[in-house]
Student: 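Input: one structure, supplied below.
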Amino acid sequence: QVQLVESGGGLVQAGGSLRLSCAASGRTVSSYRMGWFRQAPGKAREFVARISKSGGSTYYADFVKGRFTISRDNAKNTVYLQMNSLKPEDTAVYYCAATYAISNVGNSYDYWGQGTQVTVSS
């Protein structure tokens, strides 16, 4: 079992950047494929990005391609989401999650953090 804690959210102006971190404890994060999801008020949770166990393979939702980068440092038991060129529509609670599966579907993820709020002002 792994526990996940996100940090790094906040308020930023459109065009700005933030880096989210997801720190894992318990079982080592290198055992899992990791993903980032987000949920805006009144909207369904949506997939943002995922990364393989080694970090050698990544996959992104179309709406973040070229702007967001997912990475991981297994030695630090941490996964990151670098977010650049932020837009007001990126405003949401961002969650990291862990899975054994190769999936963009939230239900395939077994462990979730509590989320971190990202607000992008126009």
Side-chain angles (χ1 to χ4, degrees):
Q1 189 166 347
V2 64
Q3 293 78 44
L4 304 172
V5 178
E6 302 94 335
S7 61
L11 174 64
V12 63
Q13 288 188 331
S17 298
L18 283 173
R19 188 175 82 154
L20 305 183
S21 297
C22 174
S25 60
R27 191 166 183 177
T28 177
V29 74
S30 60
S31 300
Y32 301 94
R33 297 176 177 90
M34 300 296 294
W36 285 94
F37 293 78
R38 70 185 188 185
Q39 187 167 21
K43 296 188 176 181
R45 180 179 61 195
E46 60 183 355
F47 167 79
V48 175
R50 60 176 166 84
I51 189 166
S52 62
K53 289 189 284 185
S54 68
S57 177
T58 58
Y59 187 85
Y60 297 92
D62 286 345
F63 55 79
V64 301
K65 282 181 181 177
R67 299 190 299 126
F68 291 11
T69 303
I70 187 171
S71 63
R72 67 193 299 162
D73 186 337
N74 287 339
K76 294 184 178 180
N77 244 14
T78 303
V79 179
Y80 305 98
L81 186 68
Q82 178 67 45
M83 306 187 295
N84 299 329
S85 302
L86 283 161
K87 305 175 182 179
E89 51 263 44
D90 293 319
T91 295
V93 177
Y94 283 72
Y95 300 90
C96 71
T99 182
Y100 291 111
I102 300 174
S103 176
N104 299 344
V105 178
N107 289 346
S108 298
Y109 286 72
D110 302 294
Y111 303 101
W112 292 80
Q114 84 290 347
T116 185
Q117 176 71 47
V118 171
T119 303
V120 184
S121 63
S122 57

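Starting from 1, each residue takes its place in the sequence as its number. Computed over heavy atoms, backbone and side chain alike; hydrogens, waters and symmetry mates excluded.
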Student: Following the transitive rule for hydrophobic clusters with a side-chain heavy-atom cut-off under 4.5 Å over Ile, Leu, Val, Met, Phe, Trp and Tyr, establish whether Y111 and V48 coincide in one cluster.
Tutor: yes

Student: Mind checking the OH-OG spacing from Y59 to S103? Nearest 0.5 Å is all I need.
Tutor: 11.0 Å

Student: Do you know which two heavy atoms are closest between V29 and N74, and how far apart they sit?
Tutor: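 Minimum heavy-atom contact is CG1-OD1, 3.7 Å.
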
Student: If hydrophobic clusters are built by linking Ile, Leu, Val, Met, Phe, Trp and Tyr wherever their side-chain heavy atoms come under 4.5 Å apart, do F47 and Y80 end up in the same one?
Tutor: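 In one cluster: no.
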
Student: Given the rule that I, L, V, M, F, W and Y join up when any side-chain heavy atoms are under 4.5 Å apart, are F68 and V12 in one cluster?
Tutor: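 Yes, one cluster joins them.
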
Student: So, Q114 side chain and E6 main chain: donor-acceptor pair closer than 3.5 Å or not?
Tutor: yes

Student: Can M83 and D90 be said to form a side chain to side chain contact (heavy atoms under 4.5 Å, CB included), step by step?
Tutor: CA-CA 10 Å; M83 306 187 295; D90 293 319; over 6 Å; no

Student: How long is the straight-line distance from CG of L20 back to OH of Y95, given to the nearest 0.5 Å?
Tutor: 12.5 Å

Student: So, do K87 and V120 sit near enough that their side-chain heavy atoms are less than 4.5 Å apart?
Tutor: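 With C-beta onward as the side chain, the pair stays apart.
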
Student: Treating T78 as the side-chain partner and K76 as the backbone partner, does any N or O pair qualify as donor plus acceptor under 3.5 Å?
Tutor: yes

Student: Closest approach of Y109 and A97, non-hydrogen atoms and distance?
Tutor: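 So the minimum-distance heavy-atom pair works out to CD2-CB, 3.4 Å.
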
Student: So how far is it from K53 NZ to T99 OG1, rounded to the nearest 0.5 Å?
Tutor: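 Result: 10.5 Å between the selected atoms.
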
Student: Once rounded to the nearest 0.5 Å, what's the spacing between atom CG of L4 and atom CG of N77?
Tutor: 9.5 Å

Student: Check this for me: I102, atom CD1, are more than 12 non-hydrogen atoms of other residues, nucleotides or ligands nearer than 6.0 Å?
Tutor: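 Incorrect, the count does not exceed 12.
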
Student: Would N107 and R45 count as a side chain to side chain contact (heavy atoms under 4.5 Å, CB included) here? Give the steps.
Tutor: CA-CA 11 Å; N107 289 346; R45 180 179 61 195; 3.7 Å; yes

Student: How far apart are the closest heavy atoms of N104 and F37, and which atoms are they?
Tutor: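 Taking every non-hydrogen atom into account, O-CE2, 3.5 Å.
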
Student: Determine whether W112 and V5 fall in the same hydrophobic cluster, where Ile, Leu, Val, Met, Phe, Trp and Tyr are linked whenever their side-chain heavy atoms lie under 4.5 Å apart.
Tutor: no

Student: Are E46 and F63 close enough that some pair of their side-chain heavy atoms sits under 4.5 Å apart?
Tutor: yes

Student: Decide yes or no for N84 and S17: does some side-chain heavy atom of the first lie under 4.5 Å from some side-chain heavy atom of the second?
Tutor: yes

Student: Are the side chain of R33 and the backbone N or O of Y100 linked by a donor-acceptor pair below 3.5 Å?
Tutor: yes

Student: Kindly compute the distance separating SG (C96) from CZ (R38), expressed to the nearest 0.5 Å.
Tutor: 16.0 Å

Student: With rounding to the nearest 0.5 angstrom, report the NZ to OG1 distance, K43 to T91.
Tutor: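 Result: 10.0 Å between the selected atoms.
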
Student: Could you please spell out the steps behind the side chain to side chain contact (heavy atoms under 4.5 Å, CB included) verdict for I51 and Y32?
Tutor: CA-CA 9 Å; I51 189 166; Y32 301 94; over 6 Å; no

Student: Identify the heavy atoms of I70 and Y60 that sit nearest to each other, and give their distance.
Tutor: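 So the two residues come closest at N-OH, 2.9 Å.
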
Student: Side chains of Q117 and L11: does their closest heavy-atom pair fall under 4.5 Å?
Tutor: no

Student: Please give me the minimum heavy-atom distance between C22 and W36, naming the atom from each residue.
Tutor: CB-CZ2, 3.7 Å

Student: Mind listing the closest non-hydrogen atom pair of S122 and P88 along with its distance?
Tutor: CB-CG, 3.8 Å

Student: Does any part of the side chain of R72, heavy atoms only, come nearer than 4.5 Å to the side chain of T58, both counted from C-beta?
Tutor: no

